[in-house]
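We use all heavy atoms of the structure for the numbers below, so side chains are in, but hydrogens, waters and symmetry mates are not. The residues of the chain are indexed from 1 along the displayed sequence.
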Amino acid sequence: MNFNNLEGFIFLDGELIEWADAKLHVLSHGLHYASSVFEGERVYKGKIFKEEMHTDRLMLSAKTLGFQIPYDSKEISDIRRKVLKANNISDGYIRPVAWRGSEMMGISAQKNKIHFALAAWQWPSYFSPEAKLKGIKLNISKWKRPNPETAPVNTKAAGLYMICTLSKHEAESLGFDDSLMLDYRGYIAEATGANIFFVRDKTLYTPIADCFLNGITRQTVISLARNEGIVVTEKRIVLEDLNNFEECFVTGTAAEVTPVNKIQDYDFKPGKICQLLMKRYSELTLK
């Protein structure tokens with residue numbers, strides 16, 4: 001899929017335009033200084049999953065970066081539906097994005113126009129169905145999630161994903177599907193675009209989300225697990241702990257619930273808890 005020349009329509013700064021015409025200026029501040037925020041959302045059978053939570057997080061991300069999106073929550077909701085209808089999408093992926101324009105070029109950008117775009121396209125599984133069934137393989141990245149005092153870690157800000165791209169490219173070049181990232185203290189944090197969970201003795205463990213995004217899918221899976229009577233523990237996890245876990249899986253809007261069968265030299269077997277949560281999450285997306 002070449003995203004540069006898909007057919008369809010994209011919303012950009014107040015109007016639906018042809019896909020190929022959706023462009024930004026080469027001197028846009030968002031391109032040079034990462035003053036850009038975005039969301040990744042899914043639509044299942046015409047229903048946008050966790051729409052309000054995604055919109056709230058988009059607004060929070062923009063506010064944290066010091067700018068205001070020129071549309072309110074209801075208007076963004078209306079824009080989503082216009083784009084989905086224009087592209088005849090019932091099951092797909094939605095990408096709203098906001099960024100500072102090109103009126104000022106430098107670190108300061110107080111006078112720059114805030115642009116907003118929203119695109120949507122048909123979306124297959126993030127990992128292939130075969131990989132999902134047998135589990136994916138992760139290496140361990142040399143890049144670490146940053147200290148909250150050095151970056152707005154609770155946002156979906158574009159700049160935070162540079163190290164994710166570096167990590168995932170290296171992982172794929174070595175034959176892995178994705179990369180496990182540690183945080184600045186050496187604790188296990190997340191994969192490049194998904195949160196991570198482990199199972200031991202019928203208890204679900206996941207890292208404390210204090211220096212990486214507390215994903216909407218992460219929150220959803222924790223709730224689903226607790227509804228099933230599964231104990232969920234958020235704690236500091238170190239690499240040595242991986243010897244003691246039986247199951248592992250990652251969660252995210254794109255990844256949904258995907259089992260992991262290997263992290264570097266640590267092996268896991270997708271088991272009953274992972275399979276149950278995959279099923280419950282799939283059922284929830286179709287309600």
Side-chain angles (χ1 to χ4, degrees), residues 34 37-40 53 57 60-61 64-65 126-127 135-174 176-200 203-223 225 232-268 273-274 277:
V37 299
F38 67 98
E39 278 295 313
M53 292 181 72
R57 189 170 66 184
L60 174 64
S61 295
T64 304
L65 264 64
Y126 188 57
F127 299 107
I136 59 171
K137 298 188 299 180
L138 312 181
N139 76 334
I140 299 171
S141 176
K142 65 182 180 182
W143 299 99
K144 292 181 168 59
R145 301 309 304 167
N147 187 319
E149 295 179 349
T150 67
V153 298
N154 64 333
T155 69
K156 278 189 81 72
L160 292 169
Y161 286 82
M162 176 179 65
I163 56 175
C164 298
T165 296
L166 291 170
S167 298
K168 191 166 176 67
H169 282 185
E170 181 182 29
E172 291 175 339
S173 73
L174 296 172
F176 294 89
D177 300 292
D178 202 354
S179 195
L180 174 67
M181 303 184 75
L182 308 181
D183 70 17
Y184 65 101
R185 299 159 296 196
Y187 296 124
I188 288 173
E190 59 176 352
T192 61
N195 295 122
I196 194 161
F197 289 81
F198 303 94
V199 177
R200 183 179 67 221
T203 296
L204 196 58
Y205 295 90
T206 191
I208 298 169
D210 61 353
C211 65
F212 57 88
L213 201 64
N214 180 13
I216 291 171
T217 309
R218 176 185 186 273
Q219 297 173 51
T220 302
V221 167
I222 288 174
S223 177
V232 181
T233 300
E234 299 178 68
K235 68 186 293 284
R236 311 288 185 205
I237 302 173
V238 296
L239 286 174
E240 291 74 17
D241 293 333
L242 298 185
N243 287 307
N244 303 316
F245 293 123
E246 303 143 12
E247 300 180 48
C248 176
F249 58 88
V250 295
T251 65
T253 295
E256 301 175 311
V257 179
T258 296
V260 174
N261 67 24
K262 181 181 272 301
I263 299 177
Q264 206 84 10
D265 297 323
Y266 301 94
D267 295 316
F268 307 91
I273 289 183
C274 179
L277 293 174

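- N147 is linked by a side chain to side chain donor-acceptor pair (under 3.5 Å) to nothing, counting only residues two or more places apart in sequence or in another chain.
- Between L65 and P152 there is a side-chain heavy-atom pair separated by less than 4.5 Å.
- When all heavy atoms of P146 and C211 are compared, the pair lying nearest together is O-CB, 3.4 Å.
- Taking each heavy atom of L204 and V199 in turn, the nearest pair found is CD1-CG2, 3.6 Å.
- Taking 4.5 Å as the limit, every side-chain heavy atom of E247 sits out of range of all side-chain heavy atoms of L277.
- For residues 235-258, the pairs satisfying ring pair (Phe, Tyr, Trp, His ring centres under 6.0 Å) are F197-F249, F198-F245, Y205-F245, with sequence neighbours left out.
- When every heavy atom of L160 is checked against every heavy atom of A151, the shortest pair comes out as CD2-CB, 3.7 Å.
- Contact of the L166 side chain with the K142 side chain is not registered, since no non-hydrogen atoms from C-beta on lie closer than 4.5 Å.
- Between D241 and R236, the closest side-chain pair of non-hydrogen atoms is not below 4.5 Å.
- At least one side-chain heavy atom of L239 sits under 4.5 Å from a side-chain heavy atom of L182.
- Checked by atom type and distance alone, the side chain of N195 pairs as donor or acceptor with a backbone atom of L213 at under 3.5 Å.
- Atom-to-atom distance recorded for E170:CD and I140:CD1 is 11.5 Å, nearest 0.5 angstrom.
- Taking all atoms of both residues into account, the shortest heavy-atom contact from D178 to G193 is OD2-N, 4.4 Å.
- Annotation: side chain of V37 is not in contact with side chain of T155 (no heavy-atom distance under 4.5 Å).
- Distance check, rounded to the nearest 0.5 Å: CG of N139 to CE of M181 gives 10.5 Å.
- The distance from the OG atom of S61 to the CZ atom of F38 is 8.5 Å, given to the nearest 0.5 Å.
- In this structure, E246 CD and F268 CZ are separated by 10.5 Å, a value rounded to the nearest 0.5 Å.
- Counting only N and O atoms by type, the side chains of S167 and S179 include no donor and acceptor under 3.5 Å apart.
- The CD1 atom of I222 lies 11.0 Å from the OG1 atom of T217; values are rounded to the nearest 0.5 Å.
- For the pair F212/D183, no side-chain contact is recorded, criterion being any heavy-atom separation below 4.5 Å from C-beta on.
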*side-chain contact (heavy atoms from CB on, under 4.5 Å) assessment of T258 paired with D177*: CA-CA 12 Å; T258 296; D177 300 292; over 6 Å; no
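- Note that the CZ atom of R185 and the CG atom of D210 stand 4.0 Å from one another [nearest 0.5 Å].
- Nearest heavy-atom pair, K144 versus I163, reported as atom, atom and distance to 0.1 Å: O-CD1, 3.4 Å.
- Within the 3.5 Å criterion, the main-chain N or O of I196 finds a donor-acceptor partner in the side chain of T206.
- By the neighbour-count criterion of 12 heavy atoms within 6.0 Å, atom CE of M162 is sparsely surrounded, having that number or fewer from other residues, nucleotides or ligands.
- Side-chain contact between L242 and I188 is present, with at least one heavy-atom pair separated by less than 4.5 Å.
- A donor-acceptor pair under 3.5 Å is formed between the side chain of Q219 and the backbone N or O of N214.
- Minimum heavy-atom separation, G215 to R57: CA-NH1, 4.0 Å.
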